[in-house]
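See structure below.
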Amino acid sequence: MEKNKIKKIIESLIFSSISPVSSREIKNFFSDEEITIKLIENLILELQEKYMNSGVNLKKVSTGYRFQVSEDCNEWVSNFYPEKPQKYSRALMETLALIIYKQPITRTEIEAVRGVGVSSNIIKTLLEREWIKILGYKDVPGKPAIFGTTKEFLNSHNLVSLNQLPKLDDIVELSDQEKRQLGIFESNTEKTENDDKIKNEYNQENIH
Amino acid sequence: MEKNKIKKIIESLIFSSISPVSSREIKNFFSDEEITIKLIENLILELQEKYMNSGVNLKKVSTGYRFQVSEDCNEWVSNFYPEKPQKYSRALMETLALIIYKQPITRTEIEAVRGVGVSSNIIKTLLEREWIKILGYKDVPGKPAIFGTTKEFLNSHNLVSLNQLPKLDDIVELSDQEKRQLGIFESNTEKTENDDKIKNEYNQENIH
Amino acid sequence: MDIKSSEVKNVVDIDVPLAYVKGKPYLNIPKDLYLPPDALEIVLESFEGPLDLLLYLIKSQNLDILELPIAKITDQYIQYIDLMQDLKLELAAEYMLMAATLAEIKSKLLLPTIDEDTSEEEDPRAELIRRLQEYERYKKASIRLDDLPRVDRDFYLTRKVSYQKIQKEEDYERVDLEKLVIVFHKLMQQTKFLTPHDVKKEHLSVREKMTFILNSLKKDNYLDFKNILDITEGKSGLIVSFLAVLELIKLSLIDCVQANYESSIFIKLK
């Protein structure tokens, strides 16, 4: 087969493969004796040169060759795909709420209130966001980490102090529809009244 | 920005996207006033030339531009992957043909032409493949779904518009005498014209 | 389907009736059935409904749809239906309906025309011919459609070329603070944490101060208690700080040490 044709085929194989393609795989694919590993690797070198100044480059990784977006285009491509604003899970919200209001708090204590285990992913996410941090380790068996909120959490939510967190009172002013959206309202008016009473108590006593 | 840089970025954007990228999307991405659709399309033309003799080509399909394996390498790529592509049943293809040429169409209407029931699996497969979609529900008892084809169907077949599809055969022309014998003198020809009219309207309005 | 075409062939070979139609054994496939003998079931199974079968019968005899020799076709059609039933192929009700339609047309055509002027009356075959033609159009279209180049069968796309996702701080969406308050409130309700006794102690500002203190403390570092207090916070601020220290001691998170009565109180992480 003509060298240029082999090169084109190698190019198309690497582009159409989900995982990196090794020169060995390519060699095995061509049952032609004349197509040696050496020839294949030379052709790949030529391809690498061809793509030197392109938007994508041909790179060697541990399991073979693959195309990657070139370094100078990476940021553009990255910006082209806006990360979908993450929807926070109820579990994450609850965990965060407990860390805010009951800090310093350990995982076991969070679990005690929530009645279910807290997944490591949630803690990891909150730590990575730098919304919480490990304040220290409790001096009990197992030395559990103690969590608290960070300045970063306040900053990223435009707060100076935790006291600026909205009060339940303010939220009670919301329309029924808004409440339903927030999931405060269970269509049951009795429950709502009761909720409001507790909410008020809570506001007076807890958030100053 | 330098033209060559813009070209590289466009190249990397199209390569890194799962779905085709349109020039409009690229234009919107660059907030730079000077980067016009015209400029982008010229650069894409240059890219198409660049890849003319490569293992992959830059192609335009209904929703934008994408890279695909060049025609002379398709067979090689096909052999490189052990799994064979899915074969579709005649029933599925007939259902699809009816949806394409008679859209918007309901299941009952499909069944009327085929003279046999359409299995739910066929509709499900076509919906999952995203070749068809539910355009709405007909305002008759049972509110049956109305089906039509998608842009994904066009993309999966290297088409830009439904107009590129082979035309339906005309109903065989009969001699006037035969027509009179069969009593189908007017009704058929009229219907065919009407069909074509609706088809053309549909193409113009929906697929561009 | 329980009978494979090869088995059907064997059955034919050993002269056992291939099928019984109306009680009459068929040793061989009837000569006027146009179908390859070694693929009986495959052929029978592959019809996409009564129109497809009719179309097959017409085409296999090089007949024109428009001629539709109804008597002949009807007989063949019924033979097929009988065979399909005998082979226990799942037979859609539509096949039976078509048999009835064919029989009806046949009988209509057999009736003598009474009046010459009724030539304008529609040929009873017209509707069926129209349906056959219509079906044939789409059947042909579906074959051409299947021949169109199709992704992952006839042509292939490049895979998504990977890139490094650049994480930006602004990418993080804030939590809805109001929702956070509600979530906490609900949790408290659930766990009956909200008893007056507990609540009074759980001043948020104390909690915040506790975190502040823990943050200020470095491992193995002593901190002067006075430095924790912030005069600008006023009296309540001082009380909050004091309560925070007491709470931390209670939780055995910190130790308090004092060299003597006069000297400063130092706190350190436990």
Side-chain angles (χ1 to χ4, degrees), chain A residues 1-32 35 40 43-44 46-59 64-82 84, chain B residues 1-32 35 40 43-44 46-47 49-59 64-83 85:
Chain A
M1 208 185 323
E2 205 207 328
K3 251 182 160 186
N4 252 334
K5 180 72 197 259
I6 304 172
K7 191 158 80 179
K8 276 181 78 170
I9 295 170
I10 294 174
E11 190 182 16
S12 65
L13 288 182
I14 300 175
F15 263 126
S16 63
S17 171
I18 304 176
S19 47
V21 183
S22 69
S23 42
R24 165 69 44 202
E25 274 174 280
I26 298 170
K27 156 107 193 81
N28 292 343
F29 171 62
F30 290 112
S31 37
D32 191 338
I35 303 175
I40 290 166
L43 293 174
I44 288 176
E46 284 180 36
L47 282 171
Q48 283 179 317
E49 250 164 69
K50 175 182 163 186
Y51 283 94
M52 197 77 89
N53 293 311
S54 293
V56 294
N57 303 146
L58 182 52
K59 292 257 180 188
Y65 297 90
R66 71 164 183 204
F67 283 94
Q68 275 171 221
V69 169
S70 69
E71 235 164 83
D72 57 336
C73 290
N74 197 52
E75 203 181 329
W76 290 92
V77 172
S78 189
N79 287 334
F80 189 62
Y81 302 102
K84 283 236 165 62
Chain B
M1 205 184 328
E2 205 206 328
K3 249 184 166 187
N4 253 335
K5 181 71 198 261
I6 303 172
K7 190 156 85 177
K8 275 182 79 171
I9 294 169
I10 295 173
E11 189 182 17
S12 63
L13 288 182
I14 301 175
F15 264 125
S16 62
S17 172
I18 306 173
S19 46
V21 183
S22 69
S23 41
R24 164 74 40 201
E25 275 175 279
I26 297 171
K27 156 103 191 86
N28 292 343
F29 171 62
F30 291 112
S31 38
D32 190 336
I35 303 176
I40 291 166
L43 293 173
I44 288 176
E46 285 180 37
L47 283 169
E49 253 165 66
K50 175 182 164 186
Y51 282 95
M52 196 76 89
N53 293 310
S54 293
V56 294
N57 303 147
L58 183 50
K59 275 243 183 188
Y65 298 90
R66 71 179 176 199
F67 282 98
Q68 40 190 80
V69 170
S70 69
E71 236 162 81
D72 57 335
C73 290
N74 271 331
E75 211 187 317
W76 292 90
V77 170
S78 162
N79 291 332
F80 192 63
Y81 297 105
E83 73 269 25

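A note on names: the letters A, B, ... follow the listed sequences, proteins ahead of strands, and every chain is numbered from 1. What's counted below: heavy atoms across the whole structure, side chains too, no hydrogens, waters or symmetry copies.
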Reported [atom1]-to-[atom2] distance for the pair [X] and [Y], which is rounded to 0.5 angstrom:
X        : Y        : atom1 : atom2 : result
Ser54(B) : Phe15(A) : OG    : CZ    : 8.0 Å
Ile9(B)  : Glu75(A) : CD1   : CD    : 10.0 Å
Ser12(A) : Asn74(B) : OG    : CG    : 8.0 Å

Under 6.0 Å from the [atom1] atom of [X], do we count more than 12 heavy atoms belonging to anything else shown?
X        : atom1 : result
Lys59(A) : NZ    : no
Gln48(A) : CD    : yes
Asn53(A) : CG    : no
Asp72(B) : CG    : yes

> Given that the side chain runs from C-beta out, which part of Ser70(B) has a heavy atom under 4.5 Å from chain A: side chain, backbone, both or neither?
Replying inline: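 Side chain only.
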> Is Tyr81(B) close to Ser16(A) at the side-chain level, that is, under 4.5 Å between some pair of heavy atoms?
Replying inline: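 When only atoms from C-beta onward are counted, Tyr81(B) and Ser16(A) do touch, with a gap below 4.5 Å.
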> Aromatic rings Trp76(A) and Phe30(B): how do their planes relate, parallel, tilted or perpendicular, breaks at 30° and 60°?
Replying inline: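 Taking Phe30(B) first and then Trp76(A), their aromatic rings sit tilted (interplane angle of 30° to 60°).
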> Can you tell which of Asn79(B), Leu13(B), Ile10(B) has the highest number of heavy-atom pairs within less than 4.5 Å of chain A?
Replying inline: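 Ranked by contacts with chain A, first place is Leu13(B).
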> So which of Glu25(A), Lys50(A), Lys7(A), Lys5(A) has the largest heavy-atom pair count under 4.5 angstrom toward chain B?
Replying inline: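 If we count pairs closer than 4.5 Å to chain B, Lys5(A) comes out on top.
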> What option among Leu47(A), Ile26(A), Val77(A) has the most heavy-atom pairs under 4.5 Å with chain B?
Replying inline: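 Option with the top pair count is Val77(A).
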